[in-house]
Number of protein chains: 2
Amino acid sequence: MAGTDLKKLARELNLAVSTVSRALRDSHEISAATKARVKALADKYGFRPNPHASSLRQAKSRTIAVVVPEIRNNFFSQAINGIELVAQEKGYHVLIYLTHENSKQEREVVQLLQNGRADGLLISVTEAESYPHLEACREAELPIVFFDRVVDEIDAPRVITDEKLLAYQTCRRLLESGCERIAFLTMAGNLSISRHRQDGYLQALKEKGKEHLSIIVECSAADDHSREQLKKILSGPQRPDAVFAAVEKLAVDTYEVCAEMELNIPEDLCVAGFSNLTVASLFNPPLTTVVQPAYEIGKEAAGILFRLIEGKKLLPGEQKRVLPSHLEWRRSTAR
Amino acid sequence: MAGTDLKKLARELNLAVSTVSRALRDSHEISAATKARVKALADKYGFRPNPHASSLRQAKSRTIAVVVPEIRNNFFSQAINGIELVAQEKGYHVLIYLTHENSKQEREVVQLLQNGRADGLLISVTEAESYPHLEACREAELPIVFFDRVVDEIDAPRVITDEKLLAYQTCRRLLESGCERIAFLTMAGNLSISRHRQDGYLQALKEKGKEHLSIIVECSAADDHSREQLKKILSGPQRPDAVFAAVEKLAVDTYEVCAEMELNIPEDLCVAGFSNLTVASLFNPPLTTVVQPAYEIGKEAAGILFRLIEGKKLLPGEQKRVLPSHLEWRRSTAR
DNA sequence: TTTTTTTGCGAAAACGTTTGCGAGCCGATG
DNA sequence: CATCGGCTCGCAAACGTTTTCGCAAAAAAA
């Protein structure tokens, strides 16, 4: 019922408000008999303590916030799935904020969390020159855990993947199967993930002595821009014979551009990329992907955040957790 | 800063707490001069009013809750995208709850919202015999708006699509292009969307006088079960020559089962289905889909919810809003 | 001038919980 | 018998806002 509060219960039971409160929270200083009486009535009315009053009094919200660039992205939606699972187990609530790759929005949103709205923050950052809002969280003693897109300068636990390794392995295999000119497609790029993946790409080239053949294509977040970029590259004089996409969207864009330009994958162009598309194997041709354990990342990050919130010591490996991705080699890279 | 509250500001400015509060909220009874003084200091400290105190006092949380069966589903993640956009514009926060198609969880989660944690609820329900928790919301005067999966018995605004029409059109076109035995794949079924889509399917069959050839396959939510079901149907004596999937997952399952059974789409089996996969055109073969305007549904539903929250009158069409889907006819249904 | 209105601000009560402390009561212990 | 300690429970103070009311002083009207 809407209008039930402790006062009403207390009146009806001839008890003090404090007694009712304690009874409901199973305090040891309340007799079993009254506990039963209280709980019975509370049940009857379907009483739920007002969360704002509780949060105000206890200075904790039983709520965590998740900030991600976007949600129409399998990686993030899977991660959120993991996060929500853990949160629900813990009896916590989950606030979601989307920044749409806009660092100003990210700043504003994070500011809103400072004053107790959330007990902790899980964030996959968007690109920016600096992150004062995250520093502010540290000062406000709001626990943060990064996942996937981290910022190195800020001292907070992070859950990431061995992306550099997998970028390296993927590119090496491309080279070994005969690709000569691999283009690396990346989002505008000072992001941790872009850097790491690019490092892996370059390492593979270097190892094969083909560093001078590197082609790095920076695509902006704008929808059409990346396709225009791609078209230019693919119709240029020295067309690459493979592309390695740092993010899912760019792999998909490549397929679309190839269709438009009537290029055949993999004959004319091998395509591989980081992606959590569960349907990559249904593509024409099936798309070679590096898939990250998004769900596990979410669970892991949430788990660490809760340990922080509960003031527990972090386990040795938890300050920087690296989860293994894996490579699904499919026909889009068959030479 | 963490420890800034009205009291601190008031002390430092030689003002009363109430004056500071009013100044920050641009009350007309505060002079421009003091407003400026107050705001300057508040800015300096980066003061944010404690949301729990505000919510407690004002009996509103500036938060809405979104309850969906799952998030690893393009329809829902796109819808959430739209919802979040509107909410952020309005300065509202968004709580997310996943029910994983579990009606008990849905009930529990919705109970938690009763006591002011959220000012409104956007829900796409999971199947259940009854929905007492939603009735309770109405009694608690918590505004609800349904989207996509609605429950007819409950009197609340709903945003849906013309799914029956599109199911009908799709099946008709399948029949007209020569399919004889169309199987309708659906999730366990008393859900509004299942019923409506099935109605469209049956209507098409009836119109062509083939109602007796209907094949309705109820697949459970369990992952493997639906594939087993499919295999049985497709290896039976009277194999269907087309399937129409009521939900995305079943269309994908069909592709996988066909691959396993070495059935060719569309030669051996036409496939179509409701789906918001943006990459359906990249499938092998490109998948014919009925795509719903998920993003717009989210925006629309959120808009209506806010009108409810703000106590405004609903516009005539808003009690039941039907948005148009559209059919993307592709090679998976080419005969 | 006096009266009324307006302007700007302060004191204090609320919102619904949780919690420190103290009070009464009981049985047990000295 | 006096004291003590353990059980239950009530009183009241918090938590940080918002808001009602009231009160002066200044401005306007008389």
Side-chain angles (χ1 to χ4, degrees), chain A residues 1-39 41-42 45-63 112-119 140, chain B residues 1-39 41-42 45-63 91 112-119 140-141:
Chain A
M1 180 144 305
T4 18
D5 57 358
L6 287 182
K7 216 180 305 176
K8 183 173 171 189
L9 294 180
R11 227 184 0 244
E12 203 151 331
L13 289 164
N14 264 331
L15 287 175
V17 177
S18 53
T19 306
V20 178
S21 171
R22 276 190 269 251
L24 291 174
R25 327 186 90 243
D26 256 326
S27 163
H28 64 278
E29 32 184 355
I30 301 297
S31 74
T34 40
K35 273 187 194 171
R37 279 211 308 145
V38 170
K39 287 181 182 170
L41 195 66
Y45 284 145
F47 168 76
R48 308 269 162 199
N50 180 308
H52 304 119
S54 297
S55 295
L56 176 59
R57 180 61 229 253
Q58 306 189 109
K60 55 198 263 205
S61 57
R62 295 194 80 75
T63 301
L112 292 175
L113 303 172
Q114 235 71 315
N115 230 309
R117 187 176 298 271
D119 295 342
Chain B
M1 182 144 303
T4 17
D5 57 358
L6 287 181
K7 216 180 306 177
K8 182 173 170 190
L9 293 181
R11 227 185 356 247
E12 203 151 331
L13 290 164
N14 264 330
L15 288 174
V17 179
S18 52
T19 306
V20 178
S21 172
R22 275 189 274 248
L24 292 173
R25 326 186 90 241
D26 257 327
S27 164
H28 63 279
E29 32 184 356
I30 301 296
S31 74
T34 42
K35 273 187 195 172
R37 278 209 310 146
V38 171
K39 286 182 182 170
L41 194 67
Y45 284 145
F47 169 76
R48 308 269 163 201
N50 180 307
H52 304 118
S54 296
S55 295
L56 177 59
R57 182 59 231 254
Q58 305 188 112
K60 54 198 253 191
S61 57
R62 295 194 78 76
T63 300
L112 291 176
L113 303 173
Q114 235 73 313
N115 230 309
R117 188 177 298 271
D119 295 341
E141 292 175 48

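By convention in this document, chain letters (A, B, ...) are assigned in the order of the sequence lines, proteins followed by strands, and residues within each chain are numbered from 1.
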For L24(B) and L6(B): C-alpha separation, side-chain torsions, deciding distance, then whether side chain to side chain contact (heavy atoms under 4.5 Å, CB included) applies. CA-CA 10 Å; L24(B) 292 173; L6(B) 287 181; 4.0 Å; yes
Using whole Å, what does the distance between atom P of nucleotide dC9(D) and atom CG of L15(A) come to? 7 Å
With A16(B) via side-chain contact (heavy atoms from CB on, under 4.5 Å) - residues at least two apart: S18(B), T19(B)
Where protein sits on nucleotides 22-28 of chain D, one letter per nucleotide: B base, S sugar-phosphate only, - none, heavy atoms under 4.0 Å: -------
Rounded to whole Å, how long is the line connecting atom CG of L6(B) with atom C1' of dA11(C)? 15 Å
Could you check how far CD of Q58(B) sits from P of dT20(D), rounded to whole Å? 11 Å
Please list all pairs passing the salt bridge (Lys or Arg N to Asp or Glu O under 4.0 Å) test where one or both residues lie in residues 18-29 of chain B, with sequence neighbours left out. R22(B)-E29(B), D26(B)-K35(B), D26(B)-K39(B)
Give the rounded distance in Å between these two atoms: CZ of F47(A) and P of dG16(C). 10 Å
In chain order, what residues pass the side-chain contact (heavy atoms from CB on, under 4.5 Å) check against A36(B), with sequence neighbours excluded? none
K7(A) side chain: which of dC15(C), dG16(D), dT17(D) is closest? dC15(C)
Look at the side-chain N and O atoms of S54(A) and state whether any lies under 4.0 Å from the OP1 or OP2 oxygen of dG16(C). no
All side chain to side chain donor-acceptor pair (under 3.5 Å) counterparts of S31(A), not counting sequence neighbours: T34(A)
Which is more 5' along DNA chain C, the nucleotide nearest L56(B) or the one nearest N14(B)? Just name the residue. N14(B)
Identify the two heavy atoms, one from N115(B) and one from T4(A), that lie closest to each other, and give their separation to 0.1 Å. ND2-O, 4.3 Å
Out of dT19(D), dG16(C), dC15(D), minimum distance to the side chain of D5(A) belongs to dG16(C)
Gap between atoms NE2 and C1', on H52(B) and dT17(C) respectively (whole Å): 13 Å
Please report the distance, rounded to the nearest Å, between CG in N115(A) and C1' in dC15(D). 12 Å
Residues of residues 16-24 of chain B with any non-hydrogen atom less than 4.0 angstrom from an atom of DNA chain C: list those, numerically ordered, please. A16(B), S18(B), T19(B), R22(B)
List the residues meeting side chain to side chain donor-acceptor pair (under 3.5 Å) with S55(A), not counting sequence neighbours, and say none if there are none. none
By side chain to side chain donor-acceptor pair (under 3.5 Å), which residues pair with R117(A), not counting sequence neighbours? H93(B)
Quickly work out the L9(B) CG to dG16(D) C1' distance and round it to whole Å. 12 Å
With side chain to side chain contact (heavy atoms under 4.5 Å, CB included) as the test, would you mind laying out the steps for F47(A) and K8(A) before giving the verdict? CA-CA 10 Å; F47(A) 168 76; K8(A) 183 173 171 189; over 6 Å; no
Ignoring backbone atoms, test whether T34(A) places a side-chain nitrogen or oxygen under 4.0 Å from the OP1 or OP2 oxygen of dT8(D). no
In whole Å, I'd like the distance from the CG atom of D26(A) to the P atom of dT8(D). 13 Å
When you match A53(B) and H28(B) each to their closest nucleotide on DNA chain C, which lands nearer the 5' end? H28(B)
